[in-house]
There are 2 protein chains.
Amino acid sequence: MSRRSGILEFAVLGLLRESPMHGYELRKRLNTSLGIFRAFSYGTLYPCLKTLVASGWLIEEPAGDPADTAPVTGRSTASSSSLTGRRAKIVYRLTAEGKEHFEELLSHTGPDAWEDEHFAARFAFFGQTERDVRMRVLEGRRSRLEERLEKMRASLARTRERLDDYTLELQRHGMESVEREVRWLNELIESERSGRDRRRSSPEGSAQQDTPGETGGLPRHRDNTPPDPSDDTAK
Amino acid sequence: MSRRSGILEFAVLGLLRESPMHGYELRKRLNTSLGIFRAFSYGTLYPCLKTLVASGWLIEEPAGDPADTAPVTGRSTASSSSLTGRRAKIVYRLTAEGKEHFEELLSHTGPDAWEDEHFAARFAFFGQTERDVRMRVLEGRRSRLEERLEKMRASLARTRERLDDYTLELQRHGMESVEREVRWLNELIESERSGRDRRRSSPEGSAQQDTPGETGGLPRHRDNTPPDPSDDTAK
DNA sequence: AATTTCATGTAATTCGTTACATGATTCC
DNA sequence: GGAATCATGTAACGAATTACATGAAATT
């Protein structure tokens with residue numbers, strides 16, 4: 001019964017904290033906006049939503065009314081009054097308990113939080129995370145990666161002679177990737193240390209752009225934006 | 001029943017092709033030597049081995065100390081001298097059919113072969129792969145990644161304004177990782193195209209061509225698979 | 001003698017997908 | 001009016017893990 005996915009649950013709560021949504025949209029956000037998350041299927045998402053409702057963290061609201069979303073062009077559907085109403089587009093909204101629970105998840109840094117996908121999920125909601133927690137997560141992740149590097153180096157030293165060039169190259173590239181992420185984390189940690197606190201954005205996201213003063217905030221990287229209004233998600 | 005993991009099966013076959021092993025050691029090789037593979041647990045590995053045996057691709061041989069061929073039920077005397085009784089350490093050996101099957105898997109480039117873990121597994125056995133297949137895999141992987149990049153760019157362009165700095169940074173780092181892998185693939189492809197494989201950080205210059213007749217650029221492929229043991233004790 | 005490491009397995013559980021159903025709305 | 005997309009769900013299956021159980025060999 002309990003489809004407690006951990007990361008899915010966390011991500012859903014986090015997204016709904018920003019604004020209520022229905023399942024279909026939620027899934028798109030999971031796939032595209034958060035970029036990192038692998039595509040969860042409906043078979044995963046909907047049951048998960050149900051358990052979250054059962055836990056009291058979400059409530060379902062019927063929302064057939066297109067008042068909230070853009071009523072694009074004329075030619076409207078005939079009758080607005082719906083006795084046999086439109087099929088309920090269920091919008092999920094975070095309850096107070098849900099909010100509290102999410103808050104708790106945010107501040108809880110278990111040893112799971114350093115793993116690949118877990119870490120990405122945590123990071124994606126850093127905007128709503130306290131600074132000291134952010135620090136713990138970043139440093140935890142870093143030492144997790146350093147452990148991994150240690151093992152890779154040891155293994156490489158042990159087996160170097162017996163492996164063919166391709167296997168060696170694969171390991172080399174893998175190690176370089178990890179090293180690269182460590183450097184990235186170093187930058188982030190440094191940036192957290194020297195920068196001033198980054199706000200916990202309210203659910204109504206006030207996208208206040210930080211001053212490019214360079215004494216705080218995230219490290220600035222080059223920005224490549226091709227104007228490309230392409231169609232969206234994978235299938 | 002059919003614990004057909006795909007990548008686990010492939011990796012097991014590939015490792016056993018190099019030399020027979022028992023499960024415990026196999027698992028270690030899976031985790032450390034191949035570096036990339038995530039750690040499969042015994043609960044996954046042993047059942048998998050059984051299905052491979054049932055398929056006729058592997059045979060189990062009792063092994064232990066050289067002289068001893070005692071069956072599993074043996075476990076007698078265990079007395080003084082060098083006559084033994086190790087608990088049946090089951091060594092798995094590739095059958096001729098298994099070899100054939102692995103060969104087939106190697107040359108079969110389905111659209112699965114471009115995915116992350118699948119690709120890593122394929123690459124790990126490039127030493128035993130024909131050059132044109134290597135090319136297909138590398139190029140397939142590259143275009144897979146380029147697709148992914150396209151989507152990320154598009155998604156980023158669409159949502160840039162609404163995302164906070166951390167989410168943006170996460171996406172940026174993710175994209176850079178993908179771009180980096182594309183560059184890596186470009187190098188590899190170039191290297192394949194121009195014949196000999198020469199990459200940095202490989203202490204062995206090691207240009208030795210031991211594949212007769214074809215595909216000039218094969219890195220050293222050591223084939224220490226013993227000749228077919230003509231035994232019909234296979235299950 | 002006791003502990004660790006090697007070695008093999010099984011049962012229950014977790015996490016997630018595919019394929020299947022259904023229906024409403026919008027685009028052409 | 002037909003296709004595509006939006007929208008919600010369920011049942012069956014798949015892949016892999018964890019926890020459990022066992023036992024032999026090497027190390028201390």
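Naming: A, B, ... by sequence-line order, numbering from 1 per chain.
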Could you tell me the separation between the [atom1] atom of [X] and the [atom2] atom of [N], rounded to a whole number of Å?
| X | N | atom1 | atom2 | answer |
| --- | --- | --- | --- | --- |
| A:Arg27 | D:dT8 | CZ | P | 12 Å |
| B:Tyr42 | D:dT18 | OH | P | 13 Å |
| A:Ile90 | C:dG23 | CD1 | P | 16 Å |
| B:Leu26 | C:dG9 | CG | P | 12 Å |
| B:Tyr46 | D:dT22 | OH | P | 17 Å |
| B:Leu8 | D:dA15 | CG | C1' | 10 Å |
| A:Lys89 | C:dT22 | NZ | C1' | 17 Å |
| B:His22 | C:dC6 | NE2 | P | 9 Å |

**Request:** Could you tell me, to 10°, how much the axis swings from one end of the helix from C:dA1-D:dT28 to C:dC28-D:dG1 to the other, five pairs per end?
**Result:** 30°
Indicate yes or no: does [X] engage [Y] in a salt bridge with an N to O separation below 4.0 Å.
| X | Y | value |
| --- | --- | --- |
| A:Glu18 | A:Arg29 | yes |
| A:Arg153 | A:Glu179 | yes |
| A:Arg180 | A:Glu176 | no |

**Request:** Evaluate side chain to side chain contact (heavy atoms under 4.5 Å, CB included) for B:Phe123 paired with B:Val137, printing each intermediate quantity in order.
**Result:** CA-CA 8 Å; B:Phe123 193 90; B:Val137 172; over 6 Å; no
**Prompt:** Between A:Phe10 and A:Phe102, is the ring centre distance below 6.0 Å?
**Reply:** yes
Selection from [options] that lies nearest to any side-chain heavy atom of [X]:
| X | options | value |
| --- | --- | --- |
| B:Pro47 | C:dG9, D:dT17, C:dT10 | C:dT10 |
| A:Ser41 | D:dC6, D:dG9, C:dT18 | C:dT18 |
| B:Tyr24 | C:dT17, C:dC6, D:dT18 | C:dC6 |
| A:Tyr92 | C:dC6, D:dT8, D:dG9 | D:dG9 |
| B:Phe40 | C:dG9, D:dA16, C:dT18 | D:dA16 |

**Prompt:** What distance separates A:Leu185 CG from B:His173 NE2, expressed to the nearest 0.5 Å?
**Reply:** 7.5 Å
**Message:** Please compare B:Glu25 and B:Lys50 by the position of their nearest nucleotide in DNA chain C and report the one closer to 5'.
**Reply:** B:Glu25
**Member of B:Glu117, B:Glu181, B:Glu115 meeting the salt bridge (Lys or Arg N to Asp or Glu O under 4.0 Å) criterion with B:Arg141** = B:Glu181
